[in-house]
Protein chains: 2
Amino acid sequence: MGDTTIRDGKAAVRISDVARHANVGAGTVSRVINGSQSVAPETRKRVLAAVRELGYVPNLVARSLAANRTGIIAAIIPVIGYTQHAQVIQGLTEVLHERGTNLMIGASGHSPEMEEKIVGAFLARRPDAFYLTGTWHTDVTRELLKASGLPVIEGSNLTETPIDMVVGYSNFAAGRELTRLLALRGHRHIAHVTTKYEPNDRITDRLNGYKAACSEFPRAQQPIVIECENSFEGGAEAIALALKFDQRIDALFCATDLMAVGAILECQRRGIEVPTRLGIAGFDDLPIASAVVPSLTTIHVDRVEMGRKIAEVLLRRVEGESLLSHEIDVGFEIKERNSTFTKGEKRRNRSTG
Amino acid sequence: MGDTTIRDGKAAVRISDVARHANVGAGTVSRVINGSQSVAPETRKRVLAAVRELGYVPNLVARSLAANRTGIIAAIIPVIGYTQHAQVIQGLTEVLHERGTNLMIGASGHSPEMEEKIVGAFLARRPDAFYLTGTWHTDVTRELLKASGLPVIEGSNLTETPIDMVVGYSNFAAGRELTRLLALRGHRHIAHVTTKYEPNDRITDRLNGYKAACSEFPRAQQPIVIECENSFEGGAEAIALALKFDQRIDALFCATDLMAVGAILECQRRGIEVPTRLGIAGFDDLPIASAVVPSLTTIHVDRVEMGRKIAEVLLRRVEGESLLSHEIDVGFEIKERNSTFTKGEKRRNRSTG
DNA sequence: CTGTTAGCGCATTCAG
DNA sequence: CTGAATGCGCTAACAG
C-alpha cells in the first residue's frame with residue numbers, strides 16, 4: 001500500500017491526500033496551509049474543507065527539512081528544578097507556544113563542558129535559535145554557536161562580549177547597590193556569603209559587586225567572604241562560620257535567597273535577632289523571601305517577563321529582522337524588607353558576644 | 001553551487017560529502033554513524049576519519065524524516081516554575097541526554113484545554129513518546145494520544161484507566177496515611193486545606209484520602225475542608241479561616257507544602273505554637289519543608305528518580321519492547337518531623353479560647 | 001560487506 | 001492563480 005504509517009500502523013494523512021480530495025495540487029494545499037495570499041478564495045475554501053474532513057495535520061518534521069527551518073528553539077539552563085531558571089523557561093514557552101514555535105530544553109548541571117555537549121547535540125536538530133544561561137561558556141561552545149549563524153541569547157546577566165546578544169541585568173551592579181544600601185542603613189560589618197560549588201558568572205559578579213562597594217566605604221571595609229553550599233543548609237552553616245570568624249559582623253549579604261533564608265531560619269533556631277543583631281539580605285526574590293519571618297531584603301528580577309522578552313527578540317530575529325542592540329538590560333529592583341535595617345531605623349548597640 | 005546552507009550561508013557538510021571524502025557510498029557512512037555491525041573495520045576507520053576531518057554533524061531533521069523516528073520525547077507539565085514538576089523533568093532530561101534523545105516541553109497552566117492544544121501541536125512534530133502530568137485529560141487528548149499509537153506515560157498519580165501507562169504513587173493513600181498518622185499521634189480535630197484554583201487529580205485524591213481517614217476514626221470526625229490559594233499566602237490565610245471556623249481544630253493537613261509552610265510562618269507571626277497548639281502537615285517535601293522552624297511533617301516522593309524511571313520505561317518502549325505493566329507505583333514516604341506531634345509525645349491540653 | 005536506488009512529507013521553484 | 005517537478009539530507013531495501 002502507499003499508506004504512510006506512524007510508528008506501527010496508524011495511517012497518517014499527507015498533503016497529497018488532501019490535494020487529491022480537494023482536486024488541487026499539493027503545492028496549492030501547502031500554500032493555503034502556510035497562508036500564502038496568492039490563492040483563490042474558492043480554492044482555499046475547498047482545501048480547508050478537505051483538511052478538516054481528513055483531519056490532516058502537517059508533518060512538521062518534513063516541513064522542517066524542506067523549509068530549512070524547524071520552529072524549535074533550544075534552551076539550556078543549569079538545573080530545571082531551580083525556580084529562577086524555570087521561571088525564565090516558563091516565560092519563554094508562554095510566548096513561543098502562541099507563535100507555533102516549540103521549546104527543546106537541556107540541563108547543564110552548572111558545567112560548561114556539559115553545556116558544550118548539549119549545544120552540540122542540539123545543533124544537530126537544527127533549532128532556529130538558542131537561549132543559554134549566563135555568560136560563561138567554553139570556547140568550543142562559542143565557536144559552534146557563532147559558526148552556526150543562529151540567533152543566540154545569553155540570559156540573566158550582562159557582558160561586553162556576548163556570543164550574539166545578551167538579555168539580563170547587571171549582577172555586579174545589583175550586588176554593589178545592595179551592599180551600599182546595607183551600609184547606608186547602618187550595617188557596619190557586612191560579610192558576603194557565596195558558593196563555590198556552582199561556579200558561574202552571576203554569583204561571581206555579585207561577589208565582585210560586594211567587594212566594589214566595600215572599597216568605597218568612608219573607612220574602607222575589608223571584604224569578608226564566606227563560602228557555603230548553595231542551599232538552606234549552606235545558609236545555616238554560614239551563620240556558624242560568620243560568628244566564629246568575627247563577632248562584629250552585623251550583616252550577611254547572601255548571594256542567593258536559598259542561603260539567606262537558610263540563614264534566617266538558623267538565627268531563629270539559635271535565638272539570634274534579625275535584623276537587630278544580624279541583618280540578612282539575599283538575591284533572587286524567591287516566593288519564600290517575602291513569606292519568611294522576618295521577610296527578606298533581596299534583589300528582584302521579573303524572570304518570567306525576562307523569558308517572554310527573550311522569546312520575543314529571538315522570534316523577531318528568526319523572522320529575519322536584524323538585531324538592533326547586542327544588549328537588553330531588564331534591570332533589577334531592591335526589595336527592602338524586614339531582615340535588614342530599613343529606612344528611619346537606627347542602629348542599636350548590639351549585645352557584645 | 002551544490003552546497004547546502006544552514007540559515008544564511010554557512011556551508012553544512014552532508015553525508016554525501018563524507019562518502020566522497022572516504023571513497024564509500026552514502027549508505028556505508030550511514031551504517032557506521034548508526035553503529036550497524038556489518039561494516040569492515042578498515043572501512044569504518046576511513047569513514048570515521050572523514051567525519052572528523054570534515055566536522056560532519058548528522059542532520060537529525062533529515063534522519064527523523066527518513067527513519068520515521070525523531071528521538072524527541074514530549075513532556076507537558078502544569079507550570080515549569082513549580083519545583084515538584086521541574087524535578088521530574090530534571091530526571092527525564094538526565095537519562096534522555098545520555099541516550100541521544102531530547103526533550104520538548106510545554107506548560108499547560110493547569111488547564112486540560114491548554115494541554116489538549118499542546119498535545120496537538122506536539123503531535124505534529126512526531127515525538128517518539130509522551131509524558132503527561134496527572135490523570136485528568138480531555139477526551140480529545142485521550143483520543144489523539146491513543147490514535148497516535150505512541151507510548152504515553154501519565155505521571156505523579158495512579159489510575160485504573162491510563163491512556164497507556166501510569167508511573168506515580170497513590171495520592172489517595174498518601175493523604176489517608178498522613179491523616180491516620182496525625183490521629184494516631186493524638187491530633188483530634190484535623191482540618192484539610194486544599195486549593196480549588198488549580199483543580200487536578202492529585203489535589204483531589206489527597207482530599208479524598210483525608211476524608212476516607214476521617215470516616216474510619218473511632219468517633220468519626222466530620223471532615224473540615226478549607227479552600228485557599230496554593231501559595232504561602234494561601235497557607236497564612238488558612239490559619240485565619242481555621243481558627244475562625246472552629247477553635248477546636250488542632251491540626252491542619254495542607255495539600256501542598258507551599259500552603260503548609262505559609263501556615264507555619266503565619267503561626268510564627270501570630271504566636272501560635274506549632275505543634276502544641278496546632279499541628280501542621282504538608283505534601284511534597286519541598287526543600288523548605290526540612291529547613292523551616294519547626295520542620296514540616298510531609299509526604300516525600302523522589303521526583304527526580306521518578307523522572308529517570310519514566311525516561312527508562314519510555315525509551316524501552318520506543319525501542320520496541322512491549323510494556324509489561326500499565327502501572328508503576330514508585331511509592332511515597334511519610335516524613336514525620338516537628339510540626340506535628342511525633343512518636344512518644346503526648347497531647348497536652350491546649351489553652352482554650 | 002557495500003554501492004545504488006528509492007522514498008520520507010513537505011516547500012518551492014517554474015511554467016503555464 | 002495553480003499544477004507539476006525538484007530536492008531538503010538521510011535511512012532502508014536491494015542487489016551485487
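Since we're looking at a predicted model, the values are computed, not measured. Per chain, numbering begins at 1; letters A, B, ... match sequence-line order.
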Can you check whether [X] has a side-chain N or O nearer than 4.0 Å to OP1 or OP2 of [N]?
{"X": "B/Ser30", "N": "D/dT11", "value": "yes"}
{"X": "B/Asn59", "N": "D/dC8", "value": "no"}
{"X": "B/Thr28", "N": "C/dG3", "value": "yes"}
{"X": "A/Thr43", "N": "D/dT2", "value": "yes"}

Just how far, in rounded Å, is [atom2] of [N] from [atom1] of [X]?
{"X": "B/Leu60", "N": "D/dC8", "atom1": "CG", "atom2": "C1'", "result": "15 Å"}
{"X": "A/Asn68", "N": "C/dT13", "atom1": "CG", "atom2": "C1'", "result": "16 Å"}
{"X": "A/Arg44", "N": "D/dC1", "atom1": "CZ", "atom2": "P", "result": "10 Å"}
{"X": "A/Arg14", "N": "C/dC8", "atom1": "CZ", "atom2": "P", "result": "7 Å"}
{"X": "A/Arg63", "N": "C/dT12", "atom1": "CZ", "atom2": "C1'", "result": "13 Å"}
{"X": "A/Asp17", "N": "C/dC10", "atom1": "CG", "atom2": "C1'", "result": "13 Å"}
{"X": "A/Ile15", "N": "D/dT2", "atom1": "CD1", "atom2": "C1'", "result": "14 Å"}
{"X": "A/Lys45", "N": "D/dT2", "atom1": "NZ", "atom2": "P", "result": "13 Å"}

On DNA chain C, more 5' by nearest nucleotide between B/Gly25 and B/Ala66 is B/Gly25

Between B/Asn23 and A/Ser16, the residue closer to the 5' end of DNA chain C by nearest nucleotide is B/Asn23

Among [options], the nucleotide that comes nearest once only the side chain of [X] is considered:
{"X": "A/Leu65", "options": "C/dT2, D/dT2, D/dC8", "value": "D/dC8"}
{"X": "B/Val24", "options": "D/dT2, C/dG3, D/dT11", "value": "C/dG3"}
{"X": "B/Ala67", "options": "D/dC10, D/dT11, D/dT2", "value": "D/dT11"}

> Would you say the side chain of A/Arg31 and the base of C/dT13 hold a donor-acceptor pair, judged only by whether the two atoms sit under 3.5 Å apart?
Replying inline: yes

Indicate whether any N or O donor in one side chain lies under 3.5 Å from an N or O acceptor in the other, for [X] and [Y].
{"X": "A/Glu198", "Y": "A/Tyr82", "result": "yes"}
{"X": "A/Arg125", "Y": "B/Asn102", "result": "yes"}
{"X": "A/Glu53", "Y": "A/His21", "result": "yes"}
{"X": "B/His110", "Y": "B/Glu115", "result": "no"}

Would B/Trp136 and B/Thr138 count as a side-chain contact (heavy atoms from CB on, under 4.5 Å) if you check the C-alpha gap in whole Å, the side-chain angles of each, and the deciding distance to 0.1 Å? CA-CA 7 Å; B/Trp136 282 8; B/Thr138 68; over 6 Å; no

